[in-house]
Amino acid sequence: MRKPKPCRRARWCSSGDEALSDFTLLLSAVLGMFFTTTLSCADDAWQRTLASALEHHCVHCHGQDGHAESDVNLVSMDAETLSTQVELVQQLIDVLDQHEMPPADEPDLNSDVRRSLVEGLKTIRDQSAAPRSYVKTPIRRMNRFQYNNAVQDLFELRCIVFTLPERMMRAHRGYFDPSTGKMPDVVYVGSRPLGKSQMIEPRLEGVAAFPQDLRAEHGFDNRGDHLSLSPLLMQSFLNLGDSITDSRDFNSINVGIWNSFFRSPKVRLEREPLRAEIQARVNPFLRRAFRGRVDTPTSDRYVGFALSQMDQGADFTEAMKRVAAAALASPRFLYLYDTNHGANELNNQDGRTYRIDDHEFASRLSFFLWGSSPDIALLDLADAGRLSQPDVVDEQVDRMFRDNNLKRFCDSFPSQWLQLERIISSVPDREKFDDFYFAKYRKSMHMMMEPLLLFETILIENRPIIELIDPSFTYRSGLLESFYGDLATVSESDRTKPSGEVGIATFTRRPITDRRTGGVITNAAVMTMTSGPHRTQPITRGAWIATAIFNDPPDPPPADVPPLAEKPAADEADMTLRERLAIHRQRADCRGCHEQIDPLGFALENFDPVGRWRDLYDNDREIDVSGQLFRKHDFVDVIQFKDAIVAEQRRFARAFTEHLLSFALARSLGPADQIAIEKIVRDAEQDDYRIQDLIKHIIHSEPFQTATYSSGTST
């Protein structure tokens with residue numbers, strides 16, 4: 001995802017009653033570079049027309065008479081200065097491309113003028129970013145989810161290491177089988193965060209998980225800048241490795257490599273044959289644990305450690321357990337980092353980009369799609385130097401898509417992308433929404449599974465990503481169908497009796513005939529988690545759509561702006577929520593963001609605080625959801641709002657690609673990434689934006705296959 005940024009609308013647009021002014025110097029710089037590099041034969045009159053049009057449509061808060069808000073003086077810039085500020089150029093591209101500039105209360109730019117200026121700025125950006133220099137992912141440890149998976153795979157455990165609350169949905173009865181390319185019509189799932197019975201699962205007794213890793217703001221929990229390792233946590237990892245191999249469940253029943261690694265030889269061996277036996281077991285184990293080739297000195301240290309343990313009285317199995325625990329505590333297991341292999345031709349020039357080697361590429365693939373270390377097949381191809389071949393990459397990615405380990409991607413990416421953890425703390429007013437609660441549970445434990453099952457289906461069946469917004473089907477439980485009322489997919493007479501399943505819930509695939517419902521936007525989970533206890537929160541909903549759907553997160557509100565009260569004051573009792581909010585957002589420094597996010601939130605206002613349909617407020621005032629998307633798509637209801645997003649599916653595809661690439665690289669994105677993203681989206685468009693094909697384009701992209709050299713990183 002994009003790096004968090006200052007409020008673009010506030011930076012580029014004047015506030016209050018400030019008048020229009022001259023932007024000529026900046027436009028001359030931009031247009032001069034644009035026409036010199038791309039339209040050398042362009043007509044001079046057209047250049048003057050374009051410059052004149054822009055001059056009369058841009059505001060003056062950044063440069064006229066030496067005044068520059070936010071310390072951004074655009075008027076004083078020339079072409080050379082602009083070409084050195086790639087991030088500023090990207091911000092200009094964004095505010096123009098997303099119709100945030102000029103502001104809504106100023107005359108709009110001619111569409112040809114806007115398009116020409118955006119293309120000119122992109123030319124400057126592309127030239128300024130060459131040679132490419134991508135944001136460097138810092139050295140980082142595995143997060144808790146990745147650690148659990150990597151340990152499970154390393155030992156071929158038949159149980160998990162420890163319970164992971166961040167896995168929001170649990171699969172039951174083997175419904176998840178991507179090798180079929182088809183999701184079954186009936187699936188059985190459980191919800192860990194809200195159904196405590198899901199804690200009852202096979203795991204290693206006595207192994208305590210380290211604290212859950214926090215999700216980065218507008219990002220994911222695998223972000224390198226969030227995964228440091230303090231001395232205290234390092235000690236925890238040392239203890240954790242011992243607790244894993246010392247668990248009484250760590251035995252021949254649960255450990256798949258028990259016979260090949262831990263079991264004592266059938267006959268007693270003398271010293272040198274014993275050393276050879278240990279070496280033969282340690283080498284492949286360390287290769288898998290350290291995700292690549294292991295040199296002889298490293299291997300010898302672990303073999304010597306095993307022998308020393310046996311010299312002190314440990315039996316063979318116990319000594320090998322100590323070896324395994326030591327490997328789990330090694331930085332080569334815990335840390336993910338670029339080694340600078342393949343960077344020799346850069347002559348140690350920091351900031352230069354180089355192609356990562358096949359072993360690092362194997363790890364990127366595996367941690368992206370499987371949330372774990374690469375398997376033997378990937379390592380073998382990396383050893384042979386074949387993994388970087390495009391046809392081999394496609395074959396391996398297809399294989400990974402068909403493997404059940406793909407469930408880990410589904411357990412990690414979509415819930416974080418959609419911020420579904422927020423529903424855990426959603427507590428609608430019990431008196432007003434009493435049917436949201438049943439026994440000691442909440443219906444949100446069923447709600448959260450609807451968008452997650454939709455995502456899994458689109459991924460397994462390789463469907464176009466626009467179906468995340470406007471699908472022809474959904475998955476519902478009997479409890480959800482009963483709860484949705486008017487938005488149910490089947491008539492009341494055809495509904496199964498609702499069951500308050502809190503262990504294993506049955507969800508059935510249903511066709512969508514009413515486009516008011518379905519998709520990741522119009523479902524009860526998102527509607528509930530973006531509402532307060534008593535009322536909907538259009539600003540929160542709009543900010544969620546701006547962030548999750550368009551990857552354009554707004555700034556937080558100023559600290560001195562009080563929130564709108566949950567319940568209206570006496571003099572506001574007869575107002576609509578839109579009217580109440582209009583009173584509370586008169587400040588000039590708030591107006592820009594509200595112009596961006598309010599239409600997105602009010603488009604969903606027909607959904608009440610728990611996601612059911614309504615036409616009137618409690619005071620019998622009619623709900624007005626009309627608005628405009630990107631200042632060019634008018635809508636009067638939620639179906640037209642979906643139509644507007646579908647019409648802008650390339651913009652959605654770009655945002656979704658940014659989310660995926662940021663997740664894949666475990667870092668925020670920079671201006672150089674935007675060049676690659678445009679190519680990914682352009683190529684994916686030829687495949688109708690089908691999700692597996694889009695992911696393949698990401699994997700083939702330059703940011704995914706390269707790293708930025710740093711003299712501070714070494715093997």
S.K.: One pair to check against side chain to side chain contact (heavy atoms under 4.5 Å, CB included): L604 and V638. What are the steps and the verdict?
M.R.: CA-CA 6 Å; L604 306 174; V638 73; 3.9 Å; yes

S.K.: Is any side-chain heavy atom of I521 less than 4.5 Å from a side-chain heavy atom of I645?
M.R.: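 Counting from C-beta outward, I521 and I645 do come under 4.5 Å.
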
S.K.: Does G611 offer a backbone N or O that forms a donor-acceptor pair with the side chain of Y484 under 3.5 Å?
M.R.: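 Side chain of Y484 to backbone of G611, a donor-acceptor pair under 3.5 Å: no, none is there.
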
S.K.: Check whether the side chains of S415 and E421 place a donor and an acceptor atom closer than 3.5 Å, and report yes or no.
M.R.: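 No pair is found: no donor N or O on one side chain lies under 3.5 Å from an acceptor on the other.
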
S.K.: State, yes or no, whether a side-chain contact exists between V187 and F176 at a heavy-atom distance under 4.5 Å.
M.R.: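 They are not in contact (no side-chain heavy atoms under 4.5 Å apart), so the answer is no.
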
S.K.: Does any non-hydrogen side-chain atom of Q640 lie less than 4.5 Å from one of H633?
M.R.: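 No, every pair of side-chain atoms sits at 4.5 Å or beyond.
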
S.K.: Can we say R223 and D213 salt-bridge, meaning some charged N sits less than 4.0 Å from an Asp/Glu carboxylate O?
M.R.: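 No, R223 and D213 are not salt-bridged.
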
S.K.: Which pair of heavy atoms, one from R408 and one from W370, lies closest together, and at what distance?
M.R.: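 Closest pair (atom of R408, atom of W370, distance): CD-O, 2.9 Å.
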
S.K.: Determine, step by step, whether T457 and Y475 satisfy the side chain to side chain contact (heavy atoms under 4.5 Å, CB included) criterion, reporting the C-alpha distance in whole Å, the side-chain angles of both residues, the deciding distance to 0.1 Å, and the verdict.
M.R.: CA-CA 10 Å; T457 306; Y475 279 86; 3.2 Å; yes

S.K.: Taking E481 for the side chain and T489 for the main chain, is one N or O donor matched with an acceptor at less than 3.5 Å?
M.R.: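 Here the side-chain-to-backbone pair exists.
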
S.K.: What residue among L418, I691, V520 forms side chain to side chain contact (heavy atoms under 4.5 Å, CB included) with F455?
M.R.: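 For F455, the side chain to side chain contact (heavy atoms under 4.5 Å, CB included) test succeeds with only one of L418, I691, V520, which is I691.
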
S.K.: State, yes or no, whether a side-chain contact exists between V646 and F652 at a heavy-atom distance under 4.5 Å.
M.R.: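 Of all side-chain heavy-atom pairs linking F652 with V646, none is under 4.5 Å.
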
S.K.: What pair of heavy atoms forms the shortest contact from P211 to R144, and how long is it?
M.R.: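 Minimum heavy-atom contact is C-NH1, 3.8 Å.
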
S.K.: I'd like to check the ring pair (Phe, Tyr, Trp, His ring centres under 6.0 Å) partners of F630; sequence neighbours left out, ordered by chain and number.
M.R.: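 Testing F630 for ring pair (Phe, Tyr, Trp, His ring centres under 6.0 Å), a comparison that skips the adjacent residues, returns F550.
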
S.K.: With rounding to the nearest 0.5 angstrom, report the OG to CG distance, S243 to L204.
M.R.: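 Answer rounded to 0.5 Å: 8.5 Å.
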
S.K.: So, are D643 and R515 salt-bridged, with charged N and O less than 4.0 Å apart?
M.R.: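 Salt bridge flag = yes for R515 with D643.
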
S.K.: Using a strict 4.0 Å threshold on nitrogen-to-oxygen distance, state whether R167 and D411 make a salt bridge.
M.R.: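 Salt bridge flag = yes for D411 with R167.
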
S.K.: Quick one: pull up CD1 in I244 and CG in D249 and give me the separation to the nearest 0.5 Å.
M.R.: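 One gets 12.5 Å once the value is rounded to the nearest 0.5 Å.
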
S.K.: Yes or no on side-chain hydrogen bond (donor to acceptor under 3.5 Å, both in side chains) for T517 and R476, after CA distance, side-chain angles and deciding distance?
M.R.: CA-CA 12 Å; T517 191; R476 297 266 177 86; 2.9 Å; yes

S.K.: Are D375 and D403 packed together at the side-chain level, in the sense that at least one heavy-atom pair is separated by less than 4.5 angstrom?
M.R.: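 Heavy-atom side-chain distance check fails, nothing below 4.5 Å.
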
S.K.: Could you please spell out the steps behind the side chain to side chain contact (heavy atoms under 4.5 Å, CB included) verdict for Y441 and H446?
M.R.: CA-CA 10 Å; Y441 300 102; H446 280 233; over 6 Å; no

S.K.: Mind checking whether W613 and F607 have ring centres under 6.0 Å apart?
M.R.: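 Ring centres of F607 and W613 closer than 6.0 Å.
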
S.K.: Using the rule given for side chain to side chain contact (heavy atoms under 4.5 Å, CB included), can you reason through R578 versus E605, listing the C-alpha separation, both sets of side-chain angles and the distance that settles it, and then say yes or no?
M.R.: CA-CA 9 Å; R578 189 187 287 258; E605 191 62 3; over 6 Å; no

S.K.: Quick test of your reading of the model: are R215 and E166 salt-bridged, counting only N-O distances below 4.0 Å?
M.R.: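 Salt bridge between R215 and E166, a charged N being under 4.0 Å from a carboxylate O: no.
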
S.K.: Within a radius of less than 6.0 Å around CG of N251, do more than 12 heavy atoms belonging to other residues, nucleotides or ligands occur?
M.R.: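 Counting other residues, nucleotides and ligands, CG of N251 exceeds 12 neighbours.
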
S.K.: Ignoring hydrogens and angles, tell me if any N or O in the side chain of N149 forms a donor-acceptor pair with the backbone of F145 under 3.5 Å.
M.R.: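 Pair found, side chain donor or acceptor close to backbone of F145.
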
S.K.: Less than 4.5 Å apart, side chain to side chain, heavy atoms only: is that true for F473 and M183?
M.R.: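 No - every pair of side-chain heavy atoms lies 4.5 Å or more apart.
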
S.K.: Would you find a donor on one side and an acceptor on the other, under 3.5 Å apart, between the side chain of R140 and the backbone of H226?
M.R.: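 Looks like no, no N/O pair under 3.5 Å.
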
S.K.: Specify the closest pair of heavy atoms between V207 and S247, including all atoms of both residues, with the distance to one decimal.
M.R.: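 Taking V207 first and S247 second, the nearest heavy atoms are CG2-CB, 4.2 Å.
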
S.K.: Is a side-chain donor-acceptor pair under 3.5 Å present for E658 with N551?
M.R.: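 Yes, because at least one side-chain N or O of N551 sits under 3.5 Å from a partner of the opposite role on E658.
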
S.K.: Tell me if a side-chain donor or acceptor on D598 pairs with a main-chain N or O of G542 at a distance below 3.5 Å.
M.R.: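 Not a single qualifying donor-acceptor pair exists.
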
S.K.: Tell me if the centroids of the rings in F656 and Y689 come within less than 6.0 Å of each other.
M.R.: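 Distance test on ring centres: not under 6.0 Å, no.
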
S.K.: Would a distance-only check, ignoring hydrogens and angles, find a side-chain to backbone donor-acceptor pair under 3.5 Å from R442 to S426?
M.R.: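 Yes, R442 side chain to S426 backbone: donor-acceptor pair under 3.5 Å.
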
S.K.: Once rounded to the nearest 0.5 Å, what's the spacing between atom CZ of F250 and atom CG of L157?
M.R.: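 The distance works out to 6.5 Å.
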
S.K.: With a 4.5 Å limit on heavy-atom distance, are the side chains of T528 and P609 in contact?
M.R.: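 No; the side chains remain at least 4.5 Å from each other.
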
S.K.: For M527 and D608, which heavy atoms make the closest approach, and how far apart are they?
M.R.: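 Nearest heavy atoms, M527 then D608: CB-O, 4.3 Å.
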
S.K.: Evaluate the side-chain proximity of Q537 to R535: yes if any heavy-atom separation is below 4.5 Å, no if none is.
M.R.: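 Counting from C-beta outward, R535 and Q537 do come under 4.5 Å.
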
S.K.: Rounded to the nearest 0.5 Å, how far apart are CG of D429 and OG of S531?
M.R.: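 Reported to 0.5 Å precision, the distance equals 13.0 Å.
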
S.K.: How many angstroms lie between atom OG1 of T576 and atom CG of D624, to the nearest 0.5 angstrom?
M.R.: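 If we round to the nearest 0.5 Å, T576:OG1 and D624:CG are 7.5 Å apart.
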
S.K.: Looking at R612 and D435, is there a salt bridge between them, counting it only when a charged N and a carboxylate O are closer than 4.0 Å?
M.R.: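 Salt bridge: yes.
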
S.K.: Parallel, tilted or perpendicular: which fits the ring planes of F409 and F368, with parallel below 30° and perpendicular above 60°?
M.R.: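 If you compare the ring of F409 with that of F368, the planes turn out perpendicular.
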
S.K.: Between D693 and D687, is there a donor-acceptor pair closer than 3.5 Å when you use the side chain of the first and the backbone of the second?
M.R.: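 No, the answer is negative, given that no donor and acceptor are paired below the 3.5 Å cut-off.
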
S.K.: Can you sort out the partners of F367 under ring pair (Phe, Tyr, Trp, His ring centres under 6.0 Å), two or more places apart, ordered by chain and number?
M.R.: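 For F367, no residue satisfies ring pair (Phe, Tyr, Trp, His ring centres under 6.0 Å) once neighbours in sequence are set aside.
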
S.K.: Indicate whether any N or O donor in one side chain lies under 3.5 Å from an N or O acceptor in the other, for Q596 and D552.
M.R.: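 The answer is yes; a qualifying pair exists.
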
S.K.: Is the side chain of E467 donor-acceptor paired with the backbone N or O of S472 at a distance under 3.5 Å, no angle test?
M.R.: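 Answer holds: no.
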
S.K.: Does the K432 side chain pair with the main chain of H534, one donor and one acceptor, at a distance under 3.5 Å?
M.R.: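 A pair under 3.5 Å: yes.
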
S.K.: Atom OH of Y617 and atom CD1 of I623: how far apart are they, to the nearest 0.5 Å?
M.R.: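 Going from OH on Y617 over to CD1 on I623, the span is 5.0 Å.
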
S.K.: How close do A548 and H659 get, heavy atom to heavy atom, and via which atoms?
M.R.: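 Nearest heavy atoms, A548 then H659: O-NE2, 3.1 Å.
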
S.K.: Just checking, is any N or O donor in the side chain of T522 or K642 under 3.5 Å from an acceptor N or O on the other one?
M.R.: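 A pair is found: one side chain offers a donor N or O, the other an acceptor, under 3.5 Å apart.
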
S.K.: I'd like to know if the side chain of Q146 reaches the main chain of N143, judged simply by a donor and an acceptor atom lying under 3.5 Å from each other, with no hydrogens or angles considered.
M.R.: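 Yes, Q146 side chain to N143 backbone: donor-acceptor pair under 3.5 Å.
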
S.K.: Looking only at non-hydrogen atoms, find the nearest pair between V681 and R650 and report the distance.
M.R.: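 In this case the closest contact between V681 and R650 is CG1-CG, 3.9 Å.
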
